[in-house]
There are 2 protein chains.
Amino acid sequence: MISSTNKFDQLPTEKQARIVNASISEFAERDYETASMNKVVERAGIAKGSLFNYFKTKGSLYYHIYHLAIGEVKSYLRKVRDETADLLFEERLAKIVDSGVQFITDHPRLARIYFRLIYSADSPDRQKIVAELQQLSDDYLGEIIQDAMDRGEIDSQINKSQAVFYLDAVLNRFLKEFHESSSNDNQFDRDEWVKGITKFFSKGLK
Amino acid sequence: MISSTNKFDQLPTEKQARIVNASISEFAERDYETASMNKVVERAGIAKGSLFNYFKTKGSLYYHIYHLAIGEVKSYLRKVRDETADLLFEERLAKIVDSGVQFITDHPRLARIYFRLIYSADSPDRQKIVAELQQLSDDYLGEIIQDAMDRGEIDSQINKSQAVFYLDAVLNRFLKEFHESSSNDNQFDRDEWVKGITKFFSKGLK
DNA sequence: CGATAAATTGACCACCCGGTCATTAATGAA
DNA sequence: TTCATTAATGACCGGGTGGTCAATTTATCG
């Protein structure tokens with residue numbers, strides 16, 4: 001029994017896409033509790049019974065969708081990490097911000113689901129999910145910090161997990177702000193901010 | 001007609017307290033959409049019709065409660081701002097963190113409502129509320145930054161609204177983390193963190 | 001084609017929601 | 001005590017929820 005027994009995976013690709021697309025829209029617009037399976041089937045153009053045949057519960061559909069979102073985030077992170085391995089810390093930071101901005105621009109609905117997961121999320125298994133994302137962030141930013149320490153670009157006396165925390169806090173908050181302002185087509189000077197952020201991390205406020 | 005026409009305000013204090021207490025618990029445990037008026041009346045030990053007599057809608061009850069939460073936050077902020085006016089920026093930062101920790105310890109349910117407002121909140125008037133809180137934060141942290149600039153403690157060339165943003169991002173994130181970890185009775189070294197944060201803001205990571 | 005198996009459907013279920021309002025209970029003045 | 005006014009109550013309403021399953025359509029194969 002190598003192949004998945006999952007009913008959904010056996011579906012024609014086009015139908016899968018319709019369902020995934022409908023689910024992403026629904027879970028992006030409403031949080032877990034408020035999102036409606038009725039709306040999903042309506043958007044996807046399938047019968048309710050079918051959806052519950054492919055996914056036994058609302059929770060399992062949500063699980064599928066947010067793993068998709070996290071997977072996409074990971075792919076962006078991996079890409080920018082590998083492509084910037086040789087750059088200086090400050091340049092690297094700028095590229096990471098760029099990559100985040102790009103992700104939000106390319107996948108605004110997934111971004112919304114991601115931020116919901118991070119920040120509020122009365123979702124099932126919230127603790128598990130958050131712990132998983134925390135681990136992802138620790139590994140990812142931790143590696144970047146470590147590289148910079150090894151090259152003597154930042155003070156290696158600094159508590160590494162604290163440094164990761166600050167990076168994570170500022171980057172996530174900045175991207176959340178960008179995400180919300182780009183929903184309301186508010187413009188802001190990206191370069192100005194990227195410059196400010198990198199300088200802030202290097203020198204602090206003094 | 002000087003006195004409020006608000007039905008709720010005319011109630012005996014004890015009854016007001018029961019209703020407020022029940023509402024705080026409910027809105028702390030569940031987000032706006034998921035919170036239940038039925039649960040509130042059950043907790044408060046009053047009839048449903050009564051509650052809807054005091055507050056015409058769920059939204060107006062929520063409005064009352066979150067204004068209460070924001071009011072309490074403001075009071076803590078004002079207090080620490082005034083009491084630390086003479087301190088150095090770093091010492092002041094430490095006191096602010098302390099005050100946040102104290103608020104969360106004293107009012108964990110209000111803290112939860114506050115973080116819900118800040119971070120996710122599919123609440124009614126979300127944009128208005130967030131803008132109001134943003135203003136509060138800008139004014140408050142802006143003043144602290146300005147003081148420190150005036151005294152030459154931090155670089156006055158730095159973009160002030162950016163500096164406020166970094167402060168806000170790191171402080172809020174730290175307090176949110178504290179709030180969640182104190183719900184799960186995870187311990188962590190407060191002093192270690194306060195020292196790290198103030199140093200980070202002063203010198204950056206270099 | 002006919003028969004069997006598999007996939008799809010949507011009416012239906014029990015439950016909960018915010019909100020209403022006729023009925024009942026408490027209050028206070030004469 | 002009587003009676004009018006006000007406050008409190010909870011049964012009830014329309015509507016939405018996640019989830020089920022008998023009935024129907026579609027696909028498969030001899």
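Letters A, B, ... mirror the listed sequences (proteins, then strands); counts begin at 1. Here the structure is a predicted model, which is why all the values come from computation and not from measurement. Excluded from the calculations below are hydrogen atoms, water molecules and symmetry mates; all remaining heavy atoms, backbone and side chain alike, are included.
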Undergrad: Expressed as a whole number of angstroms, how long is the span from A:L51:CG to C:dT9:C1'?
TA: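 Spelled out: CG on A:L51 to C1' on C:dT9 is 13 Å.
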Undergrad: With a 3.5 Å cut-off and no angle check, do the side chains of A:S202 and A:E90 form a donor-acceptor pair?
TA: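 Judged by distance alone, the side chains do pair up.
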Undergrad: Between atom CD of A:E29 and atom CZ of A:R109, what is the distance when rounded to the nearest 0.5 Å?
TA: 9.0 Å
Undergrad: Expressed as a whole number of angstroms, how long is the span from A:Y54:OH to D:dG19:C1'?
TA: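 After rounding, the gap between these two atoms is 16 Å.
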Undergrad: Write down the protein N/O and nucleotide N/O pairs, taken from nucleotides 25-28 of chain D, whose separation is under 3.5 Å; answer none if there are no such pairs.
TA:
none

Undergrad: Classify the nucleic acid contact of B:N53 as base, sugar-phosphate or nothing, counting any heavy atom under 4.0 Å across all strands shown.
TA: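 The answer is nothing, as B:N53 stays clear of every strand by at least 4.0 Å.
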Undergrad: Rounding to a whole Å, what distance do you find between A:Y32:OH and D:dT17:C1'?
TA: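 Distance check: A:Y32 OH to D:dT17 C1' gives 12 Å.
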Undergrad: Give a yes or no on whether the ring-centroid distance for A:Y66 and A:Y63 is below 6.0 angstrom.
TA: yes
Undergrad: Starting at atom OH of A:Y62, determine the distance to atom P of D:dG19, rounded to an integer number of angstrom.
TA: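 Those two atoms, OH and P, are 15 Å apart.
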Undergrad: Can you classify the ring geometry of A:Y32 versus A:F27 as parallel (below 30°), tilted (30 to 60°) or perpendicular (above 60°)?
TA: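 Answer is parallel, since the angle falls under 30°.
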Undergrad: Return the set of residues passing ring pair (Phe, Tyr, Trp, His ring centres under 6.0 Å) with A:H179 (not counting sequence neighbours), or none when no residue passes.
TA: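 Counting only residues at least two positions away or on another chain, A:H179 forms a ring pair (Phe, Tyr, Trp, His ring centres under 6.0 Å) with A:F115.
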Undergrad: Enumerate the protein-to-nucleotides 15-17 of chain C contacts in which both atoms are nitrogen or oxygen and the separation is below 3.5 Å.
TA:
unit_1: C:dC17; atom_1: OP1; unit_2: B:S36; atom_2: OG; d: 2.9
unit_1: C:dC17; atom_1: OP2; unit_2: B:N38; atom_2: ND2; d: 2.8

Undergrad: Could you give the CZ-to-P distance, from B:F52 to C:dA22, as a whole number of Å?
TA: 17 Å
Undergrad: Measure the distance from NZ on A:K7 to C1' on C:dA5 and round it to the nearest whole Å.
TA: 14 Å
Undergrad: Would you kindly give the CZ-to-C1' distance between A:F55 and D:dT20, to the nearest whole Å?
TA: 18 Å
Undergrad: Would one find more than 12 heavy atoms of other residues, nucleotides or ligands at under 6.0 Å from atom CG of B:D86?
TA: no
Undergrad: Please work out which of the three classes, parallel, tilted or perpendicular, describes the rings of A:F174 and A:W193, given edges at 30° and 60°.
TA: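 If you compare the ring of A:W193 with that of A:F174, the planes turn out tilted.
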Undergrad: What integer distance in Å separates B:L11:CG from D:dA7:P?
TA: 10 Å
Undergrad: Between the side chains of B:E180 and B:K176, is the shortest nitrogen-to-carboxylate-oxygen separation below 4.0 Å, so that they form an ion pair?
TA: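 Yes, B:K176 and B:E180 are salt-bridged.
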Undergrad: Which class fits the ring pair A:F201 and B:F200: parallel under 30°, tilted 30 to 60°, perpendicular over 60°?
TA: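 The arrangement is tilted - the two ring planes meet at 30° to 60°.
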